[in-house]
Amino acid sequence: MPGSGRILHAVDQISLDVFPGETLGLVGESGSGKSTLGRCMTRLYDVTSGSLTFEGIEIGKANARALKPVRRKMQMIFQDPSSSLNPRRRVRDILGEVLKVHAIRTGSEVEDRLAELMTLVGLRPEYLDRYPHEFSGGQRQRIGIARALAVEPQLIVADEPVSALDVSVQAQIINLFADLRERLNLTYLFIAHDLPVVRQVSTRVAVMYLGSIVEIGETDTLYAAPRHPYTQALLSAIPQPHKGGRRERILLKGEIPSPLNPPKGCKFSTRCAFARDICHESRPLLTETSTNHGVACHFPLE
């Protein structure tokens, strides 16, 4: 941080794999580093250390020229479509610019591809000559999805893609994501704070706290039997329609520490009801406790 002599590690010591064809959900409190991690993965942010690979190729330090062909394979969808779409340009120009930059289509093929993209996300091709403000919030997000699909990507990082939408519209967009994944064989990193939504769309879930991943596992397993105290607290807040299946609410004490001055040992130790001396002194590593399930906790089975 400039002038303070301290360094803010927004994303700290993360080791993460995203496998082809899966939807990896990423959850955590605001400020936990979810969006930063997504932007680092797509190289919208530069990584200061460590390794970042895509299809076995190191891209963490790649320059703009080397990144251009990689950017065709990975795209990002943002939370607020109103701010991510140029209000002064028609949809035709917004989508057409992507095709032009990457030289994906030429001549009459461009018009065919634009119409195809609109149809793919559930919009009428004749809407191409409208401006973003002429659409509803859900329709604008569909345009954002169409822009990401224009380059025929393999990986899409979706950063809170439905949180700014009405609940009824959220369901439509979530269904669209699922349909596109099947039709186009896409891979998603789905960033969200809405835990029921993440459960619905994800095959695996990673939980972040203060810039680090504290638990990761297959969705059904993690939701049914969370191992980390922070994950347990998050899931206990999900409303249950049936009293018999209700999980006891776990209330966390205190506020999330400043990333400028994180706790010495486990980052969650200052809010954990089960913390012991070792938790305040030694940082636990993300360790596999069972098949495809990792937890960063000194006492994950207690």
Side-chain angles (χ1 to χ4, degrees), residues 1-17 24-52 60-61 76 78-80 157 159-160 163 189-195 198 205-217 222 226-237 249-289 294-302:
M1 191 172 183
S4 68
R6 294 181 294 176
I7 298 176
L8 190 156
H9 294 280
V11 176
D12 187 20
Q13 297 185 29
I14 284 183
S15 179
L16 182 68
D17 293 316
L24 176 61
L26 188 62
V27 301
E29 291 175 280
S30 296
S32 61
K34 305 185 300 297
S35 294
T36 300
L37 177 58
R39 284 165 168 76
C40 287
M41 289 179 61
T42 53
R43 277 297 309 273
L44 294 180
Y45 290 166
D46 291 332
V47 294
T48 55
S49 63
S51 177
L52 179 63
K61 302 299 180 183
M76 192 155 188
F78 299 93
Q79 176 180 359
D80 184 4
V157 175
D159 186 10
E160 300 276 8
S163 62
L189 176 68
F190 195 94
I191 302 170
H193 64 271
D194 190 322
L195 297 171
V198 171
V205 175
V207 182
M208 284 191 72
Y209 182 81
L210 206 62
S212 301
I213 292 177
V214 297
E215 185 165 6
I216 185 170
L222 186 142
R227 300 290 181 84
H228 196 280
Y230 178 62
T231 310
Q232 294 170 2
L234 284 182
L235 296 181
S236 75
R249 182 70 187 272
I250 301 173
L251 299 177
L252 296 178
K253 297 181 180 179
E255 300 292 333
I256 186 170
S258 168
L260 282 171
N261 187 30
K264 178 182 177 181
C266 173
K267 292 183 176 182
F268 188 62
S269 61
T270 58
R271 304 174 73 190
C272 181
F274 309 102
R276 305 178 190 177
D277 289 344
I278 189 175
C279 302
H280 297 290
E281 297 295 328
S282 174
R283 179 176 176 179
L285 300 176
L286 188 68
T287 306
E288 190 170 286
T289 60
V295 185
C297 180
H298 289 299
F299 308 101
L301 300 179
E302 296 188 9

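In this structure, G60 and V47 approach most closely via the heavy-atom pair O-CG2, 3.7 Å. Between V205 and L24, the closest heavy-atom pair is N-CD1, 4.0 Å. Minimum heavy-atom separation, G217 to L222: N-CD1, 3.8 Å.
The NZ atom of K267 sits 15.5 Å away from the SG atom of C272 when rounded to the nearest 0.5 Å. Between the SG atom in C266 and the CD1 atom in I278 there is a gap of 10.5 Å [rounded to 0.5 Å]. Of the inter-residue distances, the one linking K34 atom NZ with D159 atom CG reads 8.0 Å to the nearest 0.5 angstrom.
With S269 contributing its side chain and A275 its backbone, the two residues share no donor-acceptor pair below 3.5 Å.
Inter-residue side-chain proximity for H280 and K264 is flagged as unmet; no heavy-atom pair is nearer than 4.5 Å. Between L252 and Y230, some side-chain heavy-atom pair lies under the 4.5 Å cut-off. A heavy-atom distance below 4.5 Å is found between the side chains of S163 and H193. Side-chain contact between I216 and L16 is present, with heavy atoms from C-beta onward closer than 4.5 Å. For the pair L52 and C40, the minimum side-chain heavy-atom distance is 4.5 Å or more. Using a 4.5 Å cut-off on side-chain heavy atoms (C-beta onward), M76 and L44 make contact. Y209 is listed as a side-chain neighbour of I256, based on a closest heavy-atom distance under 4.5 Å. Counting only heavy atoms from C-beta outward, the side chains of C297 and R227 never approach each other to under 4.5 Å.
Contact check on R271 versus E29 returns a salt bridge, with a Lys/Arg side-chain nitrogen under 4.0 Å from an Asp/Glu carboxylate oxygen.
For the side chain to side chain contact (heavy atoms under 4.5 Å, CB included) with H228, the qualifying choice from V214, V207, I213 is V214, the only one to do so.
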Item to complete: Output, in order, the C-alpha distance, side-chain angles, deciding distance and verdict of side chain to side chain contact (heavy atoms under 4.5 Å, CB included) for D12 and R283.
Response: CA-CA 12 Å; D12 187 20; R283 179 176 176 179; 2.9 Å; yes
